[in-house]
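Counting convention: from 1, in listed order, for ligands and their atoms alike. Keep in mind the model is a prediction, meaning the values are calculated, not measured. Heavy atoms only: backbone and side chains are in, while hydrogens, waters and symmetry mates are out.
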Amino acid sequence: MCGIVGYIGDKSPVEVIMAGLHRLEYRGYDSAGVAVVGAGKLDCVKSLGKLKELDRKLEEHPLHGNLGIGHTRWATHGAPSEVNSHPHFDKAKEIAVVHNGIIENYQELRAALQAEGVQFRSQTDTETIAHLVRKYYQGDLFAAVKRALQDVEGAYAIGVICKDEPEVLVAARHGSPLIVGLGENEAFIASDVPAIMKYTRKVLYIDNGQVCRITRDGYKIEDIHGNPVQLEVKTVDWDDAAAEKEGYPHFMLKEIHQQANVIRNTLRGRVHEGSDEVNLPDMNISVEELKGCEKIVIVACGTAWHAGMVGKYLIEKFAKVPVELDLASEYRYRDPIVPPHTIMIPVSQSGETADTLEAIRIAKTRGAKVASIVNVVGSSVARESHGVIYQHAGPEIGVASTKAYTSQCTAFALFTIWLAEVRGVMGKAQAREMIAHLREIPEKIQWILDNQEDIKRCAADPKYRDAQSALYLGRGYNFPSALEGALKLKEISYIHAEGYAAGEMKHGPIALVTNELPVVCVAVNGDTYDKMVSNIQEIRARSGIVLSVATVGNEAIRPHSEDVFYVPECFEPFSPIVVAVPLQLFAYYVAANRGCDVDQPRNLAKSVTVE
Ligand code: M6R
């Protein structure tokens, strides 16, 4: 998704903006641009492709001043091209706009502006904003932006500058993320915190419908009708090093390796050693609401939806509450029934996923209590929910979700224990035992991270590395592991991969099995192990290449498998958290060996802020 960075102050705006845009590369983009106000003019450089191309062009055509905005574009309206890239301008090129989101009524606005004689340069929805601001501009950029936004429908985060106001940066949001960073005699705007972490930790999270006038020594916030708004300045405690690779070739590999600590962080403060109690106060759900809950609805997209499936299995097994799991993009359009006493649990790493946000709004209007599992603090999902369990996974930069997934599963485990205890279906002894199992997970993950040789070897083996497609099978708690393993492989290596419930094999996918098809079988110790072995034998009988994920010490599985990735013995309901790690590593090394752009796979964006 598009990334926005803006700066006002004594530093070089181009340096600050380019450093920030590099930090936002994880969002995915196809073109980029920067505009700067200085020496009485507004100048701009744009390029198609990666930021290094923009860097090169900026060397040839330097921009000087004290005020600037920059953008990485992920095309929605109009093909990726230099002319469609941001910033966009009014006719006289005196007002520049960067935008993330979609203006839903842009065709009507465009037609109306054209009827007034405005000529458009691009096919974008964004350009309408630049012309609208110009239409209402009477020497006050802040006022013109507020007035222009009254005509606009849809989602936006925008940054606006004007040649005639070299000391004013205007920003606004509705539906797309935007923060303002406050420094000493300088200020920033950005789509996400990592873009400005190097310069300041003091942040304003601009809310929907708010417009901010920013100068180097202050700010003023109003809604689009001019009503004043007060916002609390928050201090961000993310570690700056977290946004760097710290010696790993890719963010994804770094984030995989962070998972032992990430799980500790997700548990931190919520469970104590030897305790039988879980503490989740930010969920903002009362004991009465938990006791009276008749249905739980989990909504999410992609990997977060797989975590939701782990959550469903855990909640139904241990807390005995019926759970409906839905893709947010389906939930929002299928007129869902929300009976009284429903709790919705949206799951989202970014907290900005458009479909998940819309599902929340629907459930809220139908009376559900909404408590979300979210990584990004202050994100839209967090703010639109009644309560939240923050994952505390730190920034996830790689487009492929890894540490976010395992921490989401861990958050579900915590919630399950809490819910089951409150509802009286889990005794203190069982709760203590489950908490102890959770606390063991980091060291099990660490064991896998310390024993990667077989994974690396297999990922370099042509029968896996050069495969055309792959099948992932799992049962019960590890059915979501199969889905997640397949998603990881396909999204970063571009090998076609499908995850299936192993019991579904004979209902179709077995037709695919040949001596060229790798079949990754999750067969860790547990209730469904024997059934998995039967499936493995069926695949071997058809010459499929079986790659098993099994429990350490299980030598019996070797004769049935071409290769085995071992994981430590684990409490089966929590095993998806551990099993995810070798599947992530395998996908990573296969993709890296194929020379793929692991952190920014083609066509994908980290944060899907449009549907
Ligand atoms: O930010 P979210 O957790 O809401 O994102 C959901 C999906 O877009 C995300 O998990 C996506 O599927 C990842 N590329 C998976 O690795």
For [X], take its heavy atoms, then give the atoms of ligand 1 lying under 4.0 Å from any of them.
X      : value
Thr303 : 10 (O), 12 (O), 15 (C), 16 (O)
Ala304 : 3 (O), 10 (O)
Gln349 : 1 (O), 2 (P), 3 (O), 4 (O)
Val399 : 13 (C), 14 (N), 16 (O)
Ala400 : 16 (O)
Ser348 : 1 (O), 2 (P), 3 (O), 4 (O)
Glu491 : 13 (C), 14 (N), 15 (C), 16 (O)

Lys488 N/O to ligand 1 N/O under 3.5 Å: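 Yes; at least one N/O pair falls below 3.5 Å.
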Below the 3.5 angstrom mark, is there an N/O of Thr356, backbone or side chain, next to an N/O of ligand 1?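 In this structure, Thr356 places no N or O atom under 3.5 Å from an N or O of ligand 1.
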Measure centre to centre between the rings of [X] and [Y], then say whether the value is under 6.0 Å.
X      : Y      : result
Tyr500 : Phe479 : no
Phe412 : Phe415 : no
Tyr588 : His250 : yes

Do the side-chain N and O atoms of [X] and [Y] include a donor-acceptor pair separated by under 3.5 angstrom?
X      : Y      : result
Ser191 : Arg23  : no
Gln259 : Gln584 : yes
Ser380 : Glu352 : yes

Nearest-contact summary for [atom] - protein heavy atom, Å:
atom                   : answer
atom 7 (C) of ligand 1 : Cys301 O, 3.6 Å
atom 8 (O) of ligand 1 : Val608 CG2, 4.0 Å
atom 1 (O) of ligand 1 : Ser350 OG, 2.6 Å

Contacts of Asp335 meeting salt bridge (charged side-chain N to carboxylate O under 4.0 Å, His left out) (sequence neighbours excluded), chain-then-number -> Arg366
Suppose we screen for salt bridge (charged side-chain N to carboxylate O under 4.0 Å, His left out). Which residues come up paired with Arg332, at least two apart in sequence or across chains? Asp355, Glu611
Using 30° and 60° as the class boundaries, would you call the ring planes of Tyr199 and Phe188 parallel, tilted or perpendicular?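 Parallel: the ring planes of Tyr199 and Phe188 meet at under 30°.
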Close approach of Glu352 to ligand 1, heavy atoms, under 4.0 angstrom: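 So Glu352 does not count as touching ligand 1.
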Just heavy atoms, cut-off under 4.0 Å: does Thr353 contact ligand 1 by side chain, backbone, both, or neither?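 Side chain only.
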